[in-house]
Novice: 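What follows is a single structure, and I will ask about it in a moment.
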2 protein chains.
Amino acid sequence: MATSGKNGTPPATRQVPERCAQCTDRAERLFCNLPEEAIERFDEIAMQISYPSRSIVFEEGQRAAGIFVVCSGQIKLAATSRDGRTMILKIAVPGDVLGLTATLNDLPYEVTAETLEPCQIRSVRRRDFLEFLSHFGDVSRHAAQVIAREYHEVFLDARRLALSGSAAGRLAQLLLDWARTSSCGKPELRFTMALTHEELANMAGTSRETVTRLLNQFERDELIARHGASISILHPVDMERMVG
Amino acid sequence: MATSGKNGTPPATRQVPERCAQCTDRAERLFCNLPEEAIERFDEIAMQISYPSRSIVFEEGQRAAGIFVVCSGQIKLAATSRDGRTMILKIAVPGDVLGLTATLNDLPYEVTAETLEPCQIRSVRRRDFLEFLSHFGDVSRHAAQVIAREYHEVFLDARRLALSGSAAGRLAQLLLDWARTSSCGKPELRFTMALTHEELANMAGTSRETVTRLLNQFERDELIARHGASISILHPVDMERMVG
DNA sequence: ATGCAGGTGTGATGGCGATCACAGTGGGAT
DNA sequence: ATCCCACTGTGATCGCCATCACACCTGCAT
């Protein structure tokens, strides 16, 4: 289920330093890449927490208590309708910030956040975070940019749901979007799929069975290839074309 | 088509002051409500433009040139798929800021903005705007909050599209969401619909004919009432229930 | 009046895909 | 080995709703 392959290694919960100031991955993480003195202050107000696999970080509808920065592990963000349908918004990875918009708007969290593997998370309470923003002007710029990026992602979701006529189109689009962002940079177009068909279905706005059928279809048509949990997109161009 | 009734008055293009500093509506507009000195500077870098009805302010896919603040008039924000399907994201009203996320991310505009009536718009070029943000720390906070709100709106769109199983559900949800935000504050639940059935369909992710049928259905079931272009939601509770 | 164009109402039809049902499969426990 | 459980594969059915087709109803221009 996790990113780890068939080898028995536990999911990639690399050890995370005690303080953000010592984190070596900071530079490549949009939000974390803050000026020195801001980071120092951040370390003072942030609380480091370890979550076991399959635990709930926060739940849809709860009044926003603060923000959560993912340090290690994957986290599923999903919203549920009254009658049990589920929409998976995205799988958050290290560097992502959760609960930002709800915290800024002082609204309930829009989604439920559930760990898919053991995770390390830093959290900051709402009050402290807002004060932090006021104090360090350019952190707000950072935050704005982070939210702008999140906006763009949800926009793509909405677009996919509204404009990709068929289930096949939505799934194809999802795989494409995903391959692009997962292998950030060059079109690696091969990625490991840590999700079940059911979860894919909830991201593509279709049903479990349809996903199964479509993936097999795609494979028969040689649009994709699968080895174990990894998927390669063989013909991105043809793939694009079926998005509609 | 515009908000004006059957009387021959031109659509509500109230005169807008030359400078934001003199704008009396500023206080109630999230983004515009800036500290004095920021407003002064904003007036220096902003350009005031009048657009006739049915004109394009910017187009989906264009590299972001800057932001646009709506001073008067309504503007349709829509995205289109290769094969001509259209998704209407929202109808922007005075106080809304367009192109914010694209500008911050230095990405192409996500949508096309088309005026529905004569509009007054203030625009700021990307470079100037970014510099403006750097200079006035707390404006970034404002911007972040504005984007957070936009995020929330798109999120609701995505949620509606993904979770409201039936076309009826999506339309009902749309009318509800809309009545709530349009009559901001108390549940007025009566609002004028400046849109054609076709456009409603493009917002609800369904077809023109289905919208026609559903609206009649809703009226027969006494969920809504219509007088001319205005719609009242009679039984919000029953309405909620059919969202699914 | 006449024509036209954009919007609306309504039936008929067909296809996509949700849903149900159940059979295989594989990996973890014990 | 064996059970079990979550996941995957596949057929059958059936309902929603997109689409086509066409009638009607404004307002507007000529």
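Just so it is clear, the structure is predicted and the values come from calculations on it, not from any experiment. Worth knowing before you read on, the calculation uses all heavy atoms, side chains too, and leaves out hydrogens, waters and symmetry mates. Quick note on labels: first sequence line is chain A, next is B, and so on, each numbered from 1.
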Novice: The helix from dA1(C)-dT30(D) to dT30(C)-dA1(D): angle between its terminal axes, five pairs each, to 10°?
Specialist: 30°
Novice: To the nearest Å, give me how far apart CD1 (Ile231(A)) and C1' (dT8(D)) are.
Specialist: 14 Å
Novice: Can you measure Leu200(A) atom CG to dA6(D) atom P for me and round it to whole angstrom units?
Specialist: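 Checked: the CG to P distance equals 19 Å.
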Novice: Enumerate all atom pairs, one protein N or O and one N or O from nucleotides 25-30 of chain C, separated by less than 3.5 Å.
Specialist:
none

Novice: For Tyr151(A), check ring-ring contact (aromatic ring centres under 6.0 Å, His included) against everything at least two apart and list the hits.
Specialist: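 Not a single residue meets the ring-ring contact (aromatic ring centres under 6.0 Å, His included) criterion with Tyr151(A).
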Novice: Go through the structure and list residues passing side-chain hydrogen bond (donor to acceptor under 3.5 Å, both in side chains) with Arg82(A), not counting sequence neighbours.
Specialist: none
Novice: List the residues meeting salt bridge (Lys or Arg N to Asp or Glu O under 4.0 Å) with Glu114(A), not counting sequence neighbours, and say none if there are none.
Specialist: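 For Glu114(A) the salt bridge (Lys or Arg N to Asp or Glu O under 4.0 Å) partners, ignoring immediate neighbours, are Arg54(A), Lys76(A).
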Novice: Expressed as a whole number of angstroms, how long is the span from Glu198(A):CD to dT8(D):C1'?
Specialist: 11 Å
Novice: Suppose we screen for salt bridge (Lys or Arg N to Asp or Glu O under 4.0 Å). Which residues come up paired with Glu198(B), at least two apart in sequence or across chains?
Specialist: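 Scan of Glu198(B) (salt bridge (Lys or Arg N to Asp or Glu O under 4.0 Å), adjacent residues dropped) gives none.
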Novice: Can you list the residues that meet the ring-ring contact (aromatic ring centres under 6.0 Å, His included) rule with Phe218(A), with sequence neighbours excluded?
Specialist: none
Novice: Write out a two-atom table: protein N or O, nucleotide N or O from nucleotides 18-26 of chain D, distance below 3.5 Å.
Specialist:
residue : atom : partner   : partner atom : Å
dA18(D) : OP1  : Thr206(B) : OG1          : 3.4
dA18(D) : OP2  : Thr206(B) : OG1          : 2.7
dA18(D) : OP2  : Ser207(B) : N            : 2.9
dA18(D) : OP2  : Ser207(B) : OG           : 2.8
dA18(D) : OP2  : Thr210(B) : OG1          : 2.9
dT19(D) : O4   : Arg213(B) : NH2          : 3.3
dC20(D) : N4   : Glu209(B) : OE2          : 3.2

Novice: Taking only N and O in the side chain of His197(B), is any of them less than 4.0 Å away from OP1 or OP2 of dG9(C)?
Specialist: yes
Novice: Going by salt bridge (charged side-chain N to carboxylate O under 4.0 Å, His left out), name the pairs with one or both residues in residues 203-215 of chain B, residues two or more places apart or in two chains.
Specialist: none
Novice: Quickly work out the Glu219(B) CD to dT8(C) P distance and round it to whole Å.
Specialist: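 Spelled out: CD on Glu219(B) to P on dT8(C) is 13 Å.
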Novice: Consider the side chain of Ser166(A), meaning its heavy atoms from C-beta on, and name the nucleotide among dG9(D), dG17(C), dT10(C) that approaches it most closely.
Specialist: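 Within the option list, the nearest is dG17(C).
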Novice: Between dA6(D) atom C1' and Leu195(A) atom CG, what is the distance in whole Å?
Specialist: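 Those two atoms, CG and C1', are 15 Å apart.
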Novice: Who passes ring-ring contact (aromatic ring centres under 6.0 Å, His included) against Phe58(A), sequence neighbours left out?
Specialist: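 Phe68(A), Tyr109(A).
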Novice: Take atom CG of Leu163(B) and atom C1' of dA18(C), then tell me their distance rounded to the nearest Å.
Specialist: 15 Å
Novice: When the distance from CG of Asn202(A) to P of dG17(C) is rounded to whole Å, what number comes out?
Specialist: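 Checked: the CG to P distance equals 17 Å.
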Novice: Given Leu98(B), which partner from the list Leu77(B), Thr103(B), Ile67(B) fulfils the side chain to side chain contact (heavy atoms under 4.5 Å, CB included) test?
Specialist: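 Exactly one candidate clears the test, Leu77(B).
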Novice: CD of Glu199(A) versus P of dC7(D): gap in Å, rounded?
Specialist: 7 Å
Novice: Give, for atom CZ of Arg160(B) and atom CZ of Arg170(B), the distance between the pair rounded to the nearest 0.5 Å.
Specialist: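 Answer for the CZ-CZ pair, Arg160(B) versus Arg170(B), is 9.5 Å.
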Novice: In chain order, what residues pass the salt bridge (Lys or Arg N to Asp or Glu O under 4.0 Å) check against Glu60(A), with sequence neighbours excluded?
Specialist: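 Once residues adjacent in sequence are excluded, the partners of Glu60(A) under the salt bridge (Lys or Arg N to Asp or Glu O under 4.0 Å) criterion are Arg159(B).
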Novice: Please tabulate, for side-chain N and O atoms in residues 234-244 of chain A, each donor-acceptor pair with protein atoms closer than 3.5 Å (sequence neighbours left out).
Specialist:
residue   : atom : partner   : partner atom : Å
Asp238(A) : OD1  : Arg241(A) : NH2          : 3.1
Glu240(A) : OE2  : Arg180(A) : NH2          : 3.4

